[in-house]
Amino acid sequence: MGDQHVPESVPPLSGPRETDGASEAGLAYDPQAVEQKWQRLWASEGTYQVDASDPRPKAYVLCMYPYPSGAAHQGHVRNYTFGDLNVRYRTMQGCAVLSPFGFDSFGLPAENAAIKTGIHPREFTDARIEELKQSVVALGAVYDWRREVRSHDPSYIRWGQWIFVRMLEAGLAYQAEAPVNWCPGCQTVLANEQVLADGTCERSGDQVVRRELRQWFLRITEYADELLEGLHQLQWPDRVKTMQRNWIGRSEGVQFALEVVDHPDIELTVFTTRPDTGFGVTYAVVAPEHPLLSALTTTEHRRQVDELLQQVAHLSDIERQSTEGSLDKRGTFTGSYVLNPFNGQPVPVYVADYVLMGYGTGAIMAVPAEDQRDWDFAALKGLDVVRTTQPPEDWEGQAFTGTGVKVNSGFMDGMSVEQAKVAALEWLESKGIGVRKVNYRLRDWLVSRQRYWGCPIPVVHCPSCGTVPVPDDQLPVLAPDDVEFLPTGESPLARHDTFRDTTCPACGGAARRETDTLDTFFDSSWYFLRFCDPQDDRRPFDPALTQRWMPVDQYIGGIEHAVLHLLYARFFTRVLVDLGLAPVEAREPFARLFTQGMIRMDGSKMSKSKGNLVAPSRYFDSVGADALRLFHLAVAPPAEDVDWTDQTDEVIAGWSRWISRVWRLATGQAGSGGTKPNEAEDRRLRHFTHRTIQKVTSDLDRWSYNTAVSALRELANACYHNLGTPDAPSAVALDEAVDALVLLLAPMAPHVAAEAWQVRHGDHVHARPWPVADAQLARDETVTLVVQVNGKVRDRIEVDPTIGQAEAELLAMGSERARAHMGTEPPVKVVVKPPRLVNFVVRPH
RNA sequence: GCCCGGGUGGCGGAACGGCAGACGCGGUGGACUCAAAAUCCAUUGUCCUUGCGGGCGUGCGGGUUCGAGUCCCGCCCCGGGCACCA
């Protein structure tokens, strides 16, 4: 998964602190010694290994598996800090937590490195996996490592291919022509990322062109409605659901045919969501790739049309939909006319780049009066504009897309837009010209990649049998190692004779092996299922084990995956359920989703391919992992982006100081409580303790980690209050407070919490149950009643929280400070919201 | 261009439509110390005021409301995604 924006460089951190090799009570806290001790212990005791037979209620907590880009960067640290907090918190709450880890280990960077340095992608990738794994362990994040999955592992490839074959058999995979970015200089297909903003190749600088290639697709559009409907039941951020909804882009409308003047043999089919505007159609537009374009183009217009096609060949879809620059040069007349079926008038047919072949029918009826882009284009080309919805008075100079009364529209005159939509549809259907049609913005999933470092598509192309899947017992199809990684030429697989040339599994004749590999989103669409049964060599995963763990209860990853990965995976699991391979529990794979913000530096202008130079290891080696974790929890709400600045190191150092502050409290070095009860202080501290337990618990439940950490700061401050003075709280109250502090800290800063607890009690803090507040002690004895005059705060009165309406008003009325702002007349109105607020509304004087 | 977010002190941030700035970082002052570090304590939006207190303040402009950082409308700026980066 995503390699996030990462900081480029930071000023040097103050040198490593002195360590004294141990951290028993009475000594300074030594993060390195403590962290290594506990990391070894968690690993050797298998503390976070779970099995399906575990009787506790299950919780599946998962961070999106990473693309192994080497040592972890701060984006990973942030992700795994949140994940680990959830794992430990749910464990303390009594759940059997499934916490697996794996690697999205196929991908472009390894192949680029191979081309550059000659190192084989596998060697390159394995080395980086080890590095990343090490930093994840050093962070103190705990996983059931027996379940590790790597995309490039032959067993994972095998079952991925096996699933692809099942999809092929079910008719869900098919081949079709689709454009790719072709670099004439490199003689190779480029990823969008490798094409610069000016449309040139990042490596050779050549102008990139779009070229049609026969490629594999998955029929995700068949699931469009289901994917849309399924969003309702998900506990996902609204913005992610909205993005998916918009991405699917369901729209209801009409598809109808336009007669072509002087061409009885062909007709132009268009889709519209606004059939009510039919009388306003003054021209039509086809996409440059439209199959009828050639037939529609007359001899005298062919030159201009060809020029346009050449120009469009190196534009991306984004550039084509942009209205920057003049539309003038981006469309031209074909020379043909079609008949507007509503009024029988001939209207000209244009070709323009802003119409995309991939959406609808690749042709539109243009209504400049009611569509702004059509308006702009019509203005440039001097085309007619006929309003069919009456715009408000004074409306001129632009399209009117709102609702109103229909005009100039024959049988629809006088109707509302909504009525007219229905009338136009019924009219088109009754005439046999059109049909109602649901259209989606979503396109089928193109899974072919012309690359080496990916999962080979397991089919063989036979001249006599056609496309034949590789039989199950011959899986996995593995890419050969002896390939050349050249900076020019096609995919290494296509040039590898003994891989490419094979025999047909059906007839035994000479055949050609498919040399495309699968999109890495294919791999990331089912790894969370494999985690449930990672070593199975009879099937991708056992349905019973999958049923035990699925769905993922908490999925955590970057917002950049809001649409693609998260939509593909939802599609994939639906298919697996429909094919009977996965239990219904997996239909919606991620019950709860959290999308974290990104790490930015200098406004995020840096490129993602640059390495991460703010390596977490520099913090592990100085202040320790706990300090870095607390920093990430505290610095911002988890969903927000984080700016890595000059001040960041100082803030992290502050967390290191705080850890020592807690350590001194826990070990008694900060001073101890009194031997006798101190009623006032004890009540204050116990109230604070139990209120903090409530606050932290609810903050963790609502993903408000920054405020949870703040609450722990406050509890520590409360513990220090009056410590070492005659007015100190009793040892009993202090111990209760410090124990609560350590327990609440355990999911956040697990090492110091574990060590502190062991020093105090001898056992493991992470095996303790999560603390429960005493509601009586947590209750506030008084609250502040705010007295306002005309909405401005004029006084504050401490009152009993159960105070009533009348009593509150009476108390407020008695406030001298408030009365000083009220003049002599009685208030016009009094708003009383006990126990928080009384607002007197008076006439200004 | 389209879709989705964000904008609060010097900085990161807090705030069920009801005390704007919790908790930190940085700053300032103090205690401890021969001194320093570490530590502990206090203070810190801004303007006017000796003080009490008051005015102004949540990107900009309007609106709803007894009351708006929060809700609505219109802008500006910054970021994410846009189907082959993952």
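So you know, we letter chains A, B, ... as the sequences are listed, proteins then strands, and number each from 1.
Side chain to side chain, A/Thr782 and A/Glu798 meet the donor-acceptor criterion of an N or O pair below 3.5 Å. Remark: the A/His565 side chain and the A/Glu560 side chain contain no N/O donor-acceptor pair separated by less than 3.5 Å. Judged purely by distance below 3.5 Å, without hydrogens or angles, the side chains of A/Asp444 and A/Thr221 pair a donor atom with an acceptor atom. Counted by atom type alone, A/Ser704 and A/Thr707 present one or more donor-acceptor pairs between their side chains at under 3.5 Å. Residues A/Ser105 and A/Tyr65 bring no donor and acceptor atom of their side chains to less than 3.5 Å of each other. A donor-acceptor pair shorter than 3.5 Å cannot be found between the side chains of A/Asp516 and A/Gln215. No side-chain donor from either of A/Thr645 and A/Gln647 sits under 3.5 Å from a side-chain acceptor of the other. In summary, the side chains of A/Asp376 and A/Tyr354 do not present any donor paired with an acceptor at a separation below 3.5 Å, with no hydrogens or angles considered.
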Tabulate atom names and distances for all N/O pairs under 3.5 angstrom spanning the protein and nucleotides 75-77 of chain B.
none

Detail all sub-3.5 Å separations between protein N/O atoms and N/O atoms belonging to nucleotides 45-53 of chain B.
unit_1 : atom_1 : unit_2   : atom_2 : d
B/G53  : OP1    : A/Arg817 : NH1    : 2.9

Mind listing the N/O atom pairs, protein and nucleotides 37-40 of chain B, below 3.5 Å?
unit_1 : atom_1 : unit_2   : atom_2 : d
B/U39  : O3'    : A/Arg664 : NH2    : 3.0
B/C40  : OP1    : A/Arg661 : NH1    : 2.5
B/C40  : OP1    : A/Arg664 : NH2    : 3.1

List, with names and distances, any nitrogen or oxygen atoms from the protein found under 3.5 Å away from nitrogen or oxygen atoms belonging to nucleotides 4-9 of chain B.
unit_1 : atom_1 : unit_2   : atom_2 : d
B/G5   : O2'    : A/Arg239 : NH1    : 3.4

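Within the 4.0 angstrom heavy-atom criterion, base atoms lie near A/Leu442. Residue-level contact check: A/Gln215 touches the bases, meaning some heavy atom is under 4.0 Å from a base atom. Across all strands, A/Gln788 comes closer than 4.0 Å to base atoms (heavy-atom distances). No contact: A/Pro109 has no heavy atom under 4.0 Å from any strand. When heavy atoms are screened at a 4.0 angstrom cut-off, A/Ser448 is found touching base atoms of the nucleic acid. At a threshold of 4.0 angstrom between heavy atoms, the contacts of A/Leu108 are confined to the sugar-phosphate backbone, with no base atom among them. Contacts of A/Val831 with the nucleic acid, taken as non-hydrogen atoms under 4.0 Å apart, include base atoms. At the heavy-atom level, A/Trp247 lies under 4.0 Å from base atoms of the strands shown. At the heavy-atom level, A/Thr784 lies under 4.0 Å from base atoms of the strands shown. Here A/Glu714 lies in heavy-atom contact (under 4.0 Å) with sugar-phosphate atoms only. Among the protein residues, A/Val180 comes within range of the nucleic acid bases, having at least one heavy atom under 4.0 Å from a base atom.
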Point to revise | Residues A/Asn717, A/Arg661; criterion side-chain hydrogen bond (donor to acceptor under 3.5 Å, both in side chains); working and verdict | key: CA-CA 10 Å; A/Asn717 290 347; A/Arg661 188 169 155 90; 3.0 Å; yes
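Residues A/Arg441 and A/Trp247 meet the side-chain proximity criterion, which asks for heavy atoms closer than 4.5 Å.
The base of B/C84 lies close enough to the side chain of A/Gln450 for a donor and an acceptor atom to sit less than 3.5 Å apart. Remark: the A/Asn192 side chain and the B/C84 base include no donor-acceptor N/O pair separated by less than 3.5 Å. Between the side chain of A/Arg836 and the base of B/C19, no donor-acceptor pair under 3.5 Å is found.
A/Arg451 meets the salt bridge (Lys or Arg N to Asp or Glu O under 4.0 Å) test with no other residue; sequence neighbours excluded. Among residues two or more places apart in sequence or in another chain, the salt bridge (Lys or Arg N to Asp or Glu O under 4.0 Å) test is passed with A/Arg449 by A/Asp519.
Between B/C23, B/C84, B/A83, one nucleotide has an atom nearer to the side chain of A/Leu564 than all others, and that is B/A83. Closest to the side chain of A/Ala191, from the set B/C11, B/C84, B/G80, is B/C84.
Using N1 to N3 plus N6-O4 or O6-N4 for Watson-Crick, or N1-O2 and O6-N3 for G-U wobble, each under 3.5 Å, B/C56 pairs with B/G45. B/G79 is paired with B/C4 under the Watson-Crick or G-U wobble criterion, all donor-acceptor distances under 3.5 Å. Of all nucleotides present, none satisfies the Watson-Crick or G-U wobble test against B/A38 with each distance under 3.5 Å. The pairing partner recorded for B/C84 is none, the criterion being a Watson-Crick or G-U wobble arrangement whose two distances lie under 3.5 angstrom. Taking a pair to require two hydrogen-bonding distances under 3.5 Å in either a Watson-Crick or a G-U wobble arrangement, B/C11 pairs with B/G24.
With a glycosidic angle more than 90° from 0, B/G74 adopts the anti conformation.
Side-chain N/O atoms of A/Lys792 include none lying less than 4.0 angstrom from OP1 or OP2 on B/A20. Regarding contacts with the backbone of B/G24, every side-chain N or O of A/Asn706 stays at 4.0 angstrom or more from both OP1 and OP2. Residue A/Lys833 places no side-chain N or O under 4.0 Å from the OP1 or OP2 atom of B/G18. At the phosphate of B/G67, neither OP1 nor OP2 sits under 4.0 Å from any side-chain N or O atom of A/Asn790. Residue A/Arg443 places none of its side-chain N or O atoms closer than 4.0 Å to OP1 or OP2 of B/A83.
Stacking of A/Arg210 on the aromatic ring of A/Trp182 is not recorded, the 6.0 Å distance cut-off and the 45° axial limit not both being met.
Atom P of B/C82 sits at a distance of 32 Å from the matching atom of B/C11, rounded to the whole Å. The same atom, P, is picked in B/G29 and in B/A37; the two are 13 Å apart, to the nearest Å. Taking atom P on both B/C60 and B/G69, the two are 11 Å apart, rounded to the nearest angstrom.
For the ring-ring contact (aromatic ring centres under 6.0 Å, His included) criterion with A/Phe631, the lone passing option out of A/Tyr705, A/Trp644, A/Trp655 is A/Trp644.
Note on ring orientation: taking the six-membered ring where Trp is involved, the planes of A/Phe106 and A/His152 are perpendicular (angle over 60°, cut-offs 30° and 60°).
To the nearest angstrom, P of B/C85 lies 14 Å from CZ of A/Arg203.
Using a distance-only test at 3.5 Å, with no hydrogens or angles considered, no donor-acceptor pair links the side chain of A/Glu202 to the main chain of A/Leu196.
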